[in-house]
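Just follow the structure's listing: the first ligand is 1, and inside any ligand the first atom is 1.
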Amino acid sequence: MLIARFDAAELEQRWSAHNYDPLPVTLVAGEGAWVTGDDGTRYLDLLSSYSALNFGHRHPRLVAAAHAQLDRLTLTSRAFHNDQLGPFCAELAELVGMDGVLPANTGAEAVETAIKAARRWAYERRGVPSERATVIVADGNFHGRTTTIVGFSSDPDARRGFGPFTPGFVRVPFGDVDAVAAEVNGDTAAVLVEPVQGEAGVIVPPEGYLRGLRRLCDERGVLLVLDEIQSGLGRTGRTLACDHEGIRPDVLLLGKALGGGIVPLSAVVARRDVLDVFTPGSHGSTFGGNPLACAIGREVIALLRTGEPQRQAASLGRVLREELAGFGPRLAGAVRTAGLWAGVDLAGPLPPARVACEALLSRRVLVKDTHHRTLRIAPPFVVTAGELRWAVGEIRAVLEELCP
Ligand SMILES: Cc1ncc(COP(=O)(O)O)c(C=O)c1O
C-alpha cells in the first residue's frame with residue numbers, strides 16, 4: 001500500500017492543512033506526565049495539550065470512566081434525555097457554586113455560546129436597544145478561532161484574511177479596570193476576559209483586577225464573563241483562577257481539562273437568568289452533553305472535589321517558581337507564574353523560542369513557544385517535583401547554550 005511507504009508526519013505534511021507547525025516528534029503513547037515517540041524515546045510533557053491534560057495522560061480513573069461509558073451508551077443527541085447529562089450539570093454547578101450549565105464541546109463553542117447568551121440577556125433583561133449590544137474584551141485575548149472570536153483578537157496572524165468580522169466588540173488594555181469602566185455604557189452587555197491570559201504568555205493581571213471588574217459589573221448592571229478554559233480546573237492551584245480573588249463571574253467558561261484529556265467537553269456555567277434566555281430551538285449542538293463526555297466530565301469533577309489536584313498544582317507551582325527564579329536577566333527578560341503555569345520571555349539576545357523548543361526535544365523535554373519569544377510551561381499535575389526540577393534544569397541548560 002502506498003501509504004505504508006511514508007511515515008505519519010510525512011503523511012500529515014502532505015495531506016493535512018498546514019495550520020500548525022509541530023515540533024519534529026511523532027507521539028505514539030502517553031502515561032501520566034510522560035509520552036513516547038515512534039522511535040521509543042520518552043519525553044516529559046510540559047505542555048499538557050494547552051492544559052487539556054491537567055490530570056496527565058490516561059489518568060486511570062478517567063480512562064475507567066470512559067471505558068465503562070463506552071460499553072453502555074455514547075451518544076443520544078439532545079433529542080432525548082441521557083442519564084449522564086443531568087448529574088454532570090448538577091455536579092459541575094455545585095463544584096463551582098453556580099446556578100446551572102449549558103454543555104458544549106470545544107472552548108470556542110463555549111465562548112460563542114456565552115456571547116449569544118450575553119447579547120440576548122442584554123436585550124431581554126437590560127433593555128439594550130435591539131442590535132446594539134456590545135461586549136468589552138481585552139487586548140492580547142485568546143478565546144478561540146471562530147470568525148466572531150478572531151474578529152476581536154488583537155493578534156494580526158489570527159485575523160489576517162478572515163474578515164469581515166462580527167461587530168459589537170470593544171477592546172481595552174488587559175488588567176486595567178478603569179479602561180473597562182470608561183467603555184461601559186447603555187449598550188454594554190458584558191465584559192469578557194481571561195483571569196490569566198494563557199496564549200498571550202501567561203500574563204497575570206494586577207492583584208484586585210477581577211474584584212474590580214466584579215464591582216464594576218455589579219454597579220453598572222452588566223455581565224462578567226470569565227473565560228477559564230485554560231486557567232480553570234486546578235491550573236493556578238485553585239479550582240478556578242478567580243478563587244484567588246474570592247469572586248464569581250455571572251458566566252464562567254470551562255473546557256480543555258473538563259474532558260479529562262480524552263474527549264472535547266466544554267461548558268457555559270452561569271446564573272439562572274442568563275441560561276434562561278435560551279429556549280428550545282434557539283441554541284444547540286449535536287454532540288453537546290453527550291453521555292460519554294459527561295461521564296468523563298463527572299469523573300474529572302470527582303477528582304477536583306477531593307481538592308488533591310489543586311493542592312498538587314499549588315505545591316508543584318512553588319517548585320516551578322523557585323526553579324525559574326534562578327534564570328536571571330541573561331536568560332529571561334521576564335518570568336511570570338500562576339500556580340503550575342509559567343511564561344518565560346527569552347532575553348533579547350537569544351534566538352526565537354522555537355529554537356529552544358527544538359533543542360529541548362533532544363533533551364527529552366516537550367515545551368512549546370508562544371508568540372515567538374515566550375516559552376509556556378504547563379506540566380500535568382502528576383509530574384513529580386524531581387521531574388520538574390530536572391526539566392527546568394534542562395531548559396536553563398539550553399538557554400545557557402543558546403546565549404551568544
Ligand atoms: C482561554 C481560552 N479560551 C478559549 C480557547 C479555545 O478553546 P478550543 O481550542 O477548545 O476551541 C482556548 C484555547 O487555547 C483558550 O486558551
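Judged by the shortest distance from any of its heavy atoms, Tyr50 lies outside the 4.0 Å radius around the atoms of ligand 1.
Of all the heavy atoms of Glu194, the ones lying under 4.0 Å from any atom of ligand 1 belong exclusively to the side chain. Using a 4.0 Å cut-off between heavy atoms, Glu199 contacts ligand 1 through its side chain alone, with no backbone atom that close.
Ionic pairing of Arg132 and Asp187 is present here: one or more N-O contacts between side-chain nitrogen and carboxylate oxygen are shorter than 4.0 angstrom.
The protein heavy atom nearest to atom 8 (P) of ligand 1 is Gly107 N, 3.4 Å. Closest to atom 3 (N) of ligand 1, if we only count protein heavy atoms, is Asp227 OD2, 2.6 Å. Looking at atom 11 (O) of ligand 1, its nearest protein heavy atom turns out to be Ala108 N, 2.8 Å.
When each of Arg363, Arg389, Arg364 is checked for a salt bridge (Lys or Arg N to Asp or Glu O under 4.0 Å) with Glu394, only Arg363 meets the rule.
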- request: Decide side chain to side chain donor-acceptor pair (under 3.5 Å) for Ser153 and Asn141; before the verdict, give the C-alpha distance in whole Å, the side-chain angles of both, and the deciding distance to 0.1 Å.
  value: CA-CA 6 Å; Ser153 166; Asn141 71 70; 4.8 Å; no

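Using a 4.5 Å cut-off on side-chain heavy atoms (C-beta onward), Thr36 and Leu27 make no contact.
Of the listed options Gln197, Gln230, Lys256, Lys256 places a heavy atom closest to atom 13 (C) of ligand 1.
Side-chain N or O atoms of Asp45 include one that pairs as donor or acceptor with a backbone N or O of Ser48 at under 3.5 Å.
Using cut-offs of 30° and 60° on the angle between ring planes, the pair Phe381 and Phe55 is perpendicular.
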